[in-house]
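One is the number of the first residue; the rest follow in order along the sequence. Whatever order the structure lists them in is the order used to number ligands and atoms, beginning at 1.
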Amino acid sequence: MPLTISVFGTGYLGATHAAGMAELGHRVIGVDVDEAKIARLSRGEVPFYEPGLPELLRKHVESGRLTFTTDATLAAAEADVHFIGVGTPQRKGEYAADMTYVDAVIETLAPLLTRPAVILGKSTVPVGTAARLAQRVRELAPVGDAAELGWNPEFLREGFAVEDTLRPDRLVLGVDKDRPGRIEEVAREVYAEILERDTPFLVTDLATAELVKVSANAFLATKISFINAIAEVCEVTGADVTELADAIGYDDRIGRKFLGAGLGFGGGCLPKDIRAFMARAGELGVDQALTFLREVDAVNLRRRQHVVDLATRLVGGSLDGARVAVLGAAFKPNSDDVRDSPALDVAGALHLRGAKVKVHDPEANANAAAVWPTLEFHDSVAAACADADLVVIGTEWRQFREADPAALAGEVAHARVIDGRNCLPVEDWQAAGWDYHGMGRFA
Ligand code: UDX
């Protein structure tokens with residue numbers, strides 16, 4: 001049976017979840033405090049780049065199944081289930097997560113709940129948050145104990161957000177085992193279509209569900225930093241980290257995925273999640289358990305410095321006045337997200353050291369320019385590379401992987417490339433006359 005669902009927060013997570021729930025057949029109300037965003041979404045426009053989402057959103061806005069509002073009262077009056085999909089960014093100057101937005105949703109929504117409702121948190125939160133919020137909801141809601149809260153972490157990847165929402169590899173639901181209530185039953189209704197396909201559905205206590213999410217991201221971050229640490233060793237021994245990753249990846253206990261050595265991880269999740277996890281462990285008195293994540297973070301940030309140092313060497317010892325093209329500004333391809341982007345960080349660092357940096361990203365130029373207005377942005381690979389002394393690949397967009405190295409060699413002043421993502425066909429580039437420098441290979 002279709003439900004009426006509200007989704008609080010209409011960023012990458014919330015907007016995708018809202019459209020996904022409409023696709024599953026439900027009536028959905030997206031809620032946000034940002035009026036401009038709500039106006040755009042109501043017109044069927046997605047305010048960020050996410051493949052497949054504009055089509056899905058438009059389809060359900062047009063059918064009337066998906067609406068957007070800034071009015072939480074409306075959502076509280078009409079919806080049976082309320083999802084929380086607002087951000088939990090890193091607090092300024094601290095490792096801990098900023099819970100302002102999640103708390104604000106609860107403080108706004110709970111006092112409006114005059115009929116039984118289930119709230120499902122999706123945001124990534126410090127362990128212990130859900131229990132605290134469940135208690136707060138019971139205190140604030142006029143309907144009292146009939147307002148229930150569970151935690152249903154989201155594992156979607158940017159660039160594959162629609163696919164991950166409609167065909168997740170598992171669903172996790174945290175409930176208070178002492179007050180199970182209706183939460184599991186309602187979640188099963190929400191996800192009925194997904195569960196029919198035998199998608200694993202794990203019902204846990206609240207703390208486990210919260211920890212599943214941060215543990216998954218900590219593991220992925222660790223895997224990337226592991227291979228990047230090995231890349232550092234490869235760089236001083238002449239070994240090739242990509243061949244090494246292929247060879248260890250055949251062991252299915254290890255697996256080849258997330259062993260891509262390069263500029264390291266960025267984005268709105270992995271970096272801030274491992275830091276918030278360390279901060280929370282410290283509060284809980286088990287900081288030693290996660291000190292290795294400090295190393296994971298440090299290895300990751302060293303990759304950016306490594307590229308800046310390599311660039312300095314390649315242009316003759318000083319970046320002052322060097323013309324550098326940086327291809328890529330998004331933290332990964334198929335995204336316009338520049339949060340904690342390794343590519344943009346490198347572009348900025350080169351610029352601060354005196355290089356004349358020209359950046360091109362197929363989707364992220366505008367977002368990057370908002371962070372670094374003093375960098376030069378170009379609409380094409382050729383324009384960014386014109387007269388360059390050095391080209392740096394910061395994001396492995398298909399357009400860069402498939403660029404014609406011979407044609408590009410004709411645009412630049414010096415055919416020198418740092419492949420920060422080990423994504424170029426090396427032999428083709430070398431055959432076209434390029435001096436090629438990979439990450440953890442061809443040292
Ligand atoms: C991540 C998790 O994958 C997702 O499950 C969670 O819900 C949110 O965080 P996302 O941030 O979209 O998703 O990006 P992901 O595809 O995981 O990539 C993260 C970063 O790691 C990117 O900067 C990417 O370039 C980098 N990466 C990934 C590597 O450097 N090497 C790899 O082998 C894989």
Side-chain angles (χ1 to χ4, degrees), residues 11-14 16-17 20 48-51 53 85 87-89 97 122-125 152-165 167-172 209-210 212-231 241-242 244-246 248-249 254-277 296-297 299-304 306-307 328-346 361 364 393-397 400-401 419-423 438-440:
Y12 286 99
L13 164 59
T16 311
H17 191 67
F48 50 85
Y49 179 78
E50 182 59 48
L53 186 56
T88 51
K122 295 205 85 63
S123 310
T124 304
V125 294
N152 171 218
E154 179 57 63
F155 304 101
L156 65 79
R157 297 160 298 167
E158 288 178 23
F160 301 91
V162 170
E163 177 68 14
D164 287 349
T165 302
R167 271 167 287 279
D169 42 24
R170 79 294 209 187
L171 290 169
V172 176
E210 292 168 316
V212 164
K213 173 62 203 236
V214 279
S215 308
N217 278 355
F219 189 86
L220 294 172
T222 303
K223 205 171 173 191
I224 297 168
S225 277
F226 171 82
I227 201 65
N228 280 330
I230 301 297
V241 76
T242 59
L244 181 149
D246 290 343
I248 63 172
I254 297 174
R256 182 63 173 85
K257 288 181 185 164
F258 271 68
L259 286 183
L263 257 178
F265 59 82
C269 292
L270 261 42
K272 66 107 175 148
D273 285 353
I274 61 169
R275 293 173 196 150
F277 199 12
V296 166
D297 203 6
V299 169
N300 190 53
L301 295 176
R302 270 208 303 276
R303 298 315 290 165
R304 305 177 190 187
H306 171 73
V307 168
F331 83 103
K332 67 173 191 180
N334 300 317
S335 170
D336 64 355
D337 194 346
V338 299
R339 287 178 292 173
D340 210 332
S341 165
L344 188 56
D345 240 21
V346 165
D361 189 285
I393 308 286
T395 315
E396 68 277 33
W397 281 96
F400 308 157
R401 287 188 271 120
D419 182 1
R421 293 293 180 181
N422 285 339
C423 64
M439 301 284 98

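- For ligand 1, the polar-atom distance check against Cys269 finds no nitrogen or oxygen pair separated by under 3.5 Å.
- Atom numbering of ligand 1 starts at 1 in the shown order; those under 4.0 Å from a heavy atom of Glu158 are 12 (O).
- With a 4.0 Å heavy-atom cut-off, ligand 1 is reached by the side chain of Arg421 but not by its N, CA, C or O.
- Compare Asn334, Leu270, Asp340, Asn300 by their heavy atoms: the one nearest to atom 19 (C) of ligand 1 is in Leu270.
- Expressed to the nearest 0.5 Å, how far CG of Asn217 lies from CD1 of Ile274 amounts to 9.5 Å.
- Within the structure, the closest approach of Gly266 to ligand 1 falls below 4.0 Å when heavy atoms are considered.
- Residue contact check for ligand 1: Lys213 places a non-hydrogen atom closer than 4.0 Å to it.
- Between the choices Thr395, Leu13, Asp169, Asn217, the shortest heavy-atom distance to atom 2 (C) of ligand 1 belongs to Asn217.
- Heavy atoms of Gly267 stay at 4.0 angstrom or farther from ligand 1.
- Of all atoms in ligand 1, listed by their number and element, those nearer than 4.0 Å to a heavy atom of Glu154 are 7 (O).
- Checked for salt-bridge contact, Arg303 and Asp345 miss the test: no charged N lies under 4.0 Å from a carboxylate O.
- In Leu259, the part holding a heavy atom less than 4.0 Å from any atom of ligand 1 is the backbone.
- Atoms of ligand 1 lying under 4.0 Å from at least one heavy atom of Phe265, given by number and element, are 20 (C), 21 (O), 23 (O), 26 (C).
- Protein heavy atom nearest atom 33 (O) of ligand 1, with residue, atom name and distance: Gly260 N, 2.7 Å.
- The proximity of Leu263 to ligand 1, defined as any non-hydrogen pair under 4.0 Å, does not occur for either the backbone or the side chain.
- Screening Lys213, Lys122, Arg170 for a salt bridge (Lys or Arg N to Asp or Glu O under 4.0 Å) with Glu154, the sole residue that qualifies is Lys122.
- The pair Arg275-Asp297 counts as a salt bridge, with a side-chain nitrogen and a carboxylate oxygen less than 4.0 angstrom apart.
- Remark: ligand 1 and Arg157 share no N or O pair separated by less than 3.5 Å (distance only, no angle test).
- Regarding atom 18 (O) of ligand 1, its nearest protein heavy-atom neighbour is Lys332 CD, 4.1 Å.
- Contact atoms of ligand 1 toward Leu156: 4 (C), 6 (C), 7 (O), 8 (C) (distance under 4.0 Å to a heavy atom of the residue).
- At a 3.5 angstrom cut-off on N or O pairs, Glu396 does not count as close to ligand 1.
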